[in-house]
Amino acid sequence: MKFVNQLPDYVLANREYWDGVAHEWVAMGERAWTIPEPNGWGVWNFPASELNLMPEDMTGMRAIELGCGTAYVAAWMARKGADVVGIDNSEKQLETARRLASQHGIDLELIHGNAEDVPYPDESFDFAISEYGAAIWADPYKWIPEAHRLLKPGGELSFLGHHPFLMVCGERFGEGLVKRELLHPYFELHRANWQDEYDKSVEFNLPISRWMELFDETGFDVLAFHELQNPDPEAEDRFGVDPAWSHNFPSEQAWRLRKR
Ligand SMILES: C[S@@+](CC[C@H](N)C(=O)[O-])C[C@H]1O[C@@H](n2cnc3c(N)ncnc32)[C@H](O)[C@@H]1O
């Protein structure tokens with residue numbers, strides 16, 4: 001049996017952070033739950049048909065969302081026919097997810113826990129996904145091997161999150177302070193403490209070559225890598241990401257991997 005105090009410090013810090021801000025994500029979750037399937041991904045609503053982050057037909061598949069938040073991605077997979085588990089580190093986020101699942105009559109298994117250590121046997125799933133969940137909040141050296149363990153051979157993992165450039169140029173990401181300056185050493189990217197007295201959350205990222213080495217060492221083949229560009233520099237600021245900046249530099253990355 002695991003005790004909460006055995007969780008890594010950053011998982012506890014992120015739990016406190018997400019329990020504290022969960023109420024700010026309710027409206028967005030409610031909106032996303034009304035969309036029957038993804039038509040766009042990420043901050044700039046990149047066309048889903050170009051990214052293929054999710055199989056078209058998921059009939060009979062076992063799927064897991066790692067860091068499911070309000071679980072609208074999990075709901076999209078269930079509507080495509082999958083049997084879906086969502087794991088999240090925040091009980092408050094899961095409260096919204098459970099309410100929306102019941103309201104929309106969608107059966108999801110939602111569990112409270114750390115996506116780096118999922119209480120399921122090896123090879124339990126055909127497909128795993130993370131949209132800004134484990135993808136940015138969990139340690140890649142833990143959650144990528146864990147996703148690999150959970151997948152059947154040939155199973156796929158898709159994830160979407162911040163691009164390493166954003167981490168290098170972010171003074172205080174989340175508040176729009178992304179600079180046209182290289183503020184943090186690219187080669188040292190791993191754990192990013194954006195901490196101040198209000199925000200103790202911890203994010204993770206890696207240099208692109210390190211992501212690729214990690215995938216290979218873990219036993220994943222890369223099917224696709226996308227660096228997402230905001231098409232419209234005059235767009236409204238969304239999620240604190242400067243539209244002009246993200247027209248010139250990639251603010252988001254998306255990977256599709258297959259377990260060897
Ligand atoms: C921006 S939300 C993304 C989820 C979903 N796509 C959404 O927008 O509702 C980030 C979620 O990751 C969760 N999270 C952070 N660290 C986690 C971890 N180690 N394991 C599982 N979930 C985690 C947070 O609790 C939060 O609900």
Side-chain angles (χ1 to χ4, degrees), residues 2 4 6-35 37-38 40-43 45 48 51 53-54 63-78 84-101 104 106 108-120 128-147 150 157-162 166 173-174 191-194 199-205 238-241 251-252 254:
K2 294 224 165 207
V4 158
Q6 288 177 309
L7 288 170
D9 67 306
Y10 54 87
V11 174
L12 292 172
N14 287 340
R15 177 170 291 181
E16 192 178 334
Y17 172 78
W18 274 100
D19 280 344
V21 298
H23 63 279
E24 296 172 20
W25 295 85
V26 171
M28 189 200 149
E30 287 175 343
R31 253 195 326 277
W33 266 84
T34 64
I35 301 168
E37 61 177 317
W41 288 104
V43 173
N45 211 29
L51 291 186
L53 290 189
M54 215 180 249
I64 184 162
E65 184 180 5
L66 300 164
C68 64
T70 57
Y72 54 84
V73 173
W76 291 336
M77 295 194 286
V84 185
V85 172
I87 182 166
D88 199 276
N89 186 28
S90 161
E91 192 54 69
K92 293 277 178 209
Q93 286 276 82
L94 289 172
E95 266 173 33
T96 308
R98 290 199 178 97
R99 174 175 64 77
L100 289 168
H104 287 264
I106 290 195
L108 300 175
E109 188 173 341
L110 295 168
I111 54 178
H112 186 216
N114 176 12
E116 299 169 344
D117 186 11
V118 179
Y120 272 88
I129 191 164
S130 177
E131 185 215 32
Y132 283 94
I136 66 167
W137 300 99
D139 186 340
Y141 292 105
K142 293 189 176 171
W143 82 266
I144 292 287
E146 181 66 347
L150 291 167
L157 166 67
S158 292
F159 71 93
L160 168 70
H162 296 139
L166 192 79
F173 180 71
R191 174 177 171 146
N193 292 23
W194 305 107
D199 178 355
K200 307 280 185 220
S201 65
V202 181
E203 288 188 33
F204 292 86
N205 216 313
R238 285 193 230 166
F239 299 101
V241 181
S251 60
E252 297 182 292

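All heavy atoms count here, side chains included; hydrogens, waters and symmetry mates do not. Whatever order the structure lists them in is the order used to number ligands and atoms, beginning at 1. We count residues from 1, following the sequence as given. Every value quoted in this text rests on a predicted model; they were computed, and no experiment measured them.
Considering only non-hydrogen protein atoms, atom 16 (N) of ligand 1 sits nearest to Trp137 CB, 3.3 Å. The protein heavy-atom contact nearest to atom 19 (N) of ligand 1 is Asn114 OD1, 2.9 Å. Atom 13 (C) of ligand 1 has its closest protein heavy atom at Asp88 OD2, 3.2 Å. From the protein, the heavy atom lying nearest to atom 20 (N) of ligand 1 is Ala115 N, 2.9 Å. Protein heavy atom closest to atom 14 (N) of ligand 1, with residue, atom name and distance, is Asn89 CB, 3.9 Å. Protein heavy atom closest to atom 8 (O) of ligand 1, with residue, atom name and distance, is Tyr72 OH, 2.9 Å.
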Show your reasoning for whether side chain to side chain donor-acceptor pair (under 3.5 Å) applies to Glu252 and His162.
-> CA-CA 4 Å; Glu252 297 182 292; His162 296 139; over 6 Å; no

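Between Arg98 and Glu91 a salt bridge is recorded (basic side-chain N to carboxylate O distance below 4.0 Å). With respect to Asp9 and Arg191, a salt bridge is recorded, a charged nitrogen being found less than 4.0 Å from a carboxylate O.
In this pair, Trp41 and Trp76 present their aromatic rings perpendicular. The plane angle is above 60°, beyond the 30 to 60° band.
The OH atom of Tyr10 sits 3.5 Å away from the CD atom of Glu116 when rounded to the nearest 0.5 Å.
Between Ala32 and Tyr72, the closest heavy-atom pair is CB-CG, 3.3 Å. Contact detail for Gln93 and Thr70: the closest heavy-atom pair is OE1-CG2, 4.0 Å.
Close approach of ligand 1 to Gln93 is summarised as follows: ligand atoms under 4.0 Å from at least one heavy atom of the residue are 26 (C), 27 (O). Near Gly69, the atoms of ligand 1 lying under 4.0 angstrom from a non-hydrogen atom of the residue are 4 (C), 9 (O), 27 (O).
Looking at Ala22 against ligand 1, nothing comes within 4.0 Å, counting heavy atoms.
The closest approach between Gly29 and ligand 1 stays at or above 4.0 Å for every heavy atom of the residue.
One option in Gly67, Ala135, Gly133 has a heavy atom closer to atom 4 (C) of ligand 1 than any other, and that option is Gly67.
For ligand 1, none of its N or O atoms has an N or O atom of Trp25 under 3.5 Å away.
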